[in-house]
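Down below is the structure, laid out as structure tokens.
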Number of protein chains: 2
Amino acid sequence: MSRDSTSPALHAAETLCDEKGERLTPIRRRVLELVLEADGPVKAYDLLEALKPGPGSAKPPTVYRALEFLLGLGLVHKVEALNAYVGCSHSHDTGGAELFICSDCGSVQECHGAPASTQTPDGFIIERSVVEHFGHCGNCRS
Amino acid sequence: MSRDSTSPALHAAETLCDEKGERLTPIRRRVLELVLEADGPVKAYDLLEALKPGPGSAKPPTVYRALEFLLGLGLVHKVEALNAYVGCSHSHDTGGAELFICSDCGSVQECHGAPASTQTPDGFIIERSVVEHFGHCGNCRS
DNA sequence: GACTGAGACGTTATAATATTACACCCGTGA
DNA sequence: TCACGGGTGTAATATTATAACGTCTCAGTC
């Protein structure tokens, strides 16, 4: 229930899955909801807790499988330095985003257009980049 | 890489510690050696194994404490996306380096001069950046 | 309807990574 | 001497993640 209040991001996810022929199953959808609802990076085991209102169900593989799926579609990002996950509102390609994480309030802002590295080593071909900035956001500094 | 008994990096580390009034104890020195000798990122528990020729000694806190010390001095970097550690030959400030990790051979190259991010969110002040690029190095592509 | 193959999920166990808490030792300086 | 602090030893545990294998369901097919 409360499906009427589908967030735009959730709706975009459904559209994306349709396009790619992927299945946004209830579990995957629920995990995405939880990540999107959070106001900051979420830990896998917090998702796990949130996922088990009933008994028995929701073991680690459940949430990791859902996260893997969502990461693959670029619907969530992993914050490597925190071992945590954030929802992605842009639904861009999975390439990787540039994340700005406020150490005070925990909020995460996402920028796109990967910064061309000043100098790439001779012949190095980049496939995936992890770019995470930690600091203090404008709100927390004012 | 180098297996010299007195690598330049090790000597530089001693100098740095002298300057900063820090103590490069045998354990810390041994951990640094191990990280520098490795030809790629090293896992904490691999260090732990390498550290225990004798019985009893070398429990997790031992290696994590040494790593924390070395990270603090910028003598090693943590590869967040791998939960692994690499030696730093530059002995620059702890600010953070830009790492290029070859997925084929595991080698890590380090560049400096942090790439100005294309767009920093309004008012965001960056304190620490994690920049890790994964791909294929020139050697592995030729 | 029954068979089959693929994908998603359930379940158990365990691996891998990291930290907490407290005790001990040892050198320095009051 | 004594207290103190830094570094280390040790046990226990917390946190994060994966392996291995079984089951269920659904679509396509016979």
Side-chain angles (χ1 to χ4, degrees), chain A residues 13-14 17-18 20-35 38 40-73 75-86 106 130 132, chain B residues 13-14 17-18 20-35 38 40-73 75-86 106 130 132:
Chain A
E14 284 166 352
C17 285
D18 281 353
K20 301 221 177 186
E22 299 285 359
R23 294 168 52 195
L24 188 62
T25 62
I27 287 180
R28 292 169 174 174
R29 183 191 164 96
R30 184 74 189 113
V31 168
L32 178 56
E33 278 177 7
L34 288 167
V35 172
V42 195
K43 302 288 204 152
Y45 275 69
D46 290 341
L47 291 172
L48 199 48
E49 280 305 307
L51 224 46
K52 59 168 81 162
S57 65
K59 301 291 193 313
T62 302
V63 67
Y64 282 106
R65 283 193 283 234
L67 286 171
E68 182 182 24
F69 173 84
L70 297 168
L71 286 166
L73 289 183
L75 292 168
V76 310
H77 297 298
K78 179 170 185 181
V79 185
E80 297 286 355
L82 299 179
N83 292 320
Y85 303 83
V86 294
V130 172
E132 298 167 1
Chain B
E14 284 166 353
C17 284
D18 281 353
K20 301 221 177 186
E22 298 285 358
R23 295 168 52 195
L24 189 61
T25 64
I27 288 180
R28 291 168 174 175
R29 184 191 163 95
R30 184 75 189 111
V31 168
L32 179 56
E33 277 177 7
L34 288 168
V35 172
V42 196
K43 301 290 204 150
Y45 275 68
D46 290 341
L47 292 172
L48 198 49
E49 280 304 307
L51 225 46
K52 59 168 80 159
S57 65
K59 300 290 195 313
T62 302
V63 67
Y64 282 106
R65 284 192 282 232
L67 286 170
E68 182 181 25
F69 173 85
L70 297 169
L71 286 166
L73 289 183
L75 292 169
V76 309
H77 297 300
K78 179 170 186 182
V79 185
E80 297 286 356
L82 298 179
N83 292 319
Y85 305 83
V86 294
V130 172
E132 298 167 3

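Each chain gets a letter, A, B and so on, in the order its sequence line appears, and its residues count up from 1. As the structure is a prediction and not an experimental result, all values here were calculated from the model.
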Collect all protein-nucleotide pairs involving nucleotides 25-30 of chain C in which both atoms are nitrogen or oxygen and the distance is under 3.5 Å.
none

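For A/K52 and C/dT11, the NZ to P distance is 11 Å, given to the nearest whole Å. Distance A/L51 CG to C/dC9 P: 11 Å, rounded to the nearest Å. C/dA16 atom P lies 10 Å from atom CG of B/D46, rounded to whole Å. In this structure, B/L48 atom CG and D/dG9 atom C1' are separated by 13 Å, rounded to whole Å. Rounded to a whole Å, the CZ atom of A/R30 is 19 Å from the C1' atom of C/dA8. What separates CG of B/L71 from P of C/dT19 is a distance of 11 Å, to the nearest Å. Nucleotide C/dA13 holds its P atom 11 Å from the NZ atom of A/K59, rounded to whole Å. Across the protein-nucleic acid pair, B/E68 atom CD and C/dT20 atom P stand 10 Å apart, rounded to whole Å.
At least one side-chain heavy atom of A/K78 sits less than 4.5 Å from a side-chain heavy atom of A/N83. Contact of the A/V42 side chain with the A/L34 side chain is not registered, since no non-hydrogen atoms from C-beta on lie closer than 4.5 Å.
A distance-only check finds a donor-acceptor pair linking the side chain of B/R28 to the backbone of B/R23 [under 3.5 Å]. Formation of a donor-acceptor pair under 3.5 Å by the B/E132 side chain with backbone atoms of B/E80 is found in this model. Of the possible polar contacts, none joining the B/K43 side chain to the B/L48 backbone as a donor-acceptor pair under 3.5 Å is found.
Remark: B/T62 is in phosphate contact with D/dG9, judged by side-chain N or O atoms under 4.0 Å from OP1 or OP2. Proximity of A/T25 to the phosphate of C/dA8: no side-chain N or O atom is located under 4.0 Å from OP1 or OP2.
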### Task
Treat primed atoms plus P, OP1 and OP2 as sugar-phosphate and everything else as base, then score nucleotides 12-19 of chain D 5' to 3': B for base contact with protein heavy atoms under 4.0 Å, S for sugar-phosphate contact only, - for none.
----BBBB
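The minimum heavy-atom distance linking A/V86 with A/P41 is given by the pair CG1-CA, 3.6 Å. Residues A/I27 and A/A66 come closest through the heavy atom pair CG2-CB, 4.3 Å.
Checked options B/L70, B/L75, B/V76, B/L71; the residue passing with B/L73 is B/L75 (criterion: side chain to side chain contact (heavy atoms under 4.5 Å, CB included)).
Across the interface with DNA chain D, nearest-nucleotide mapping of A/R23 and A/R65 shows A/R65 to be the residue nearer the 5′ end.
The pair B/E33-B/R30 counts as a salt bridge, with a side-chain nitrogen and a carboxylate oxygen less than 4.0 angstrom apart.
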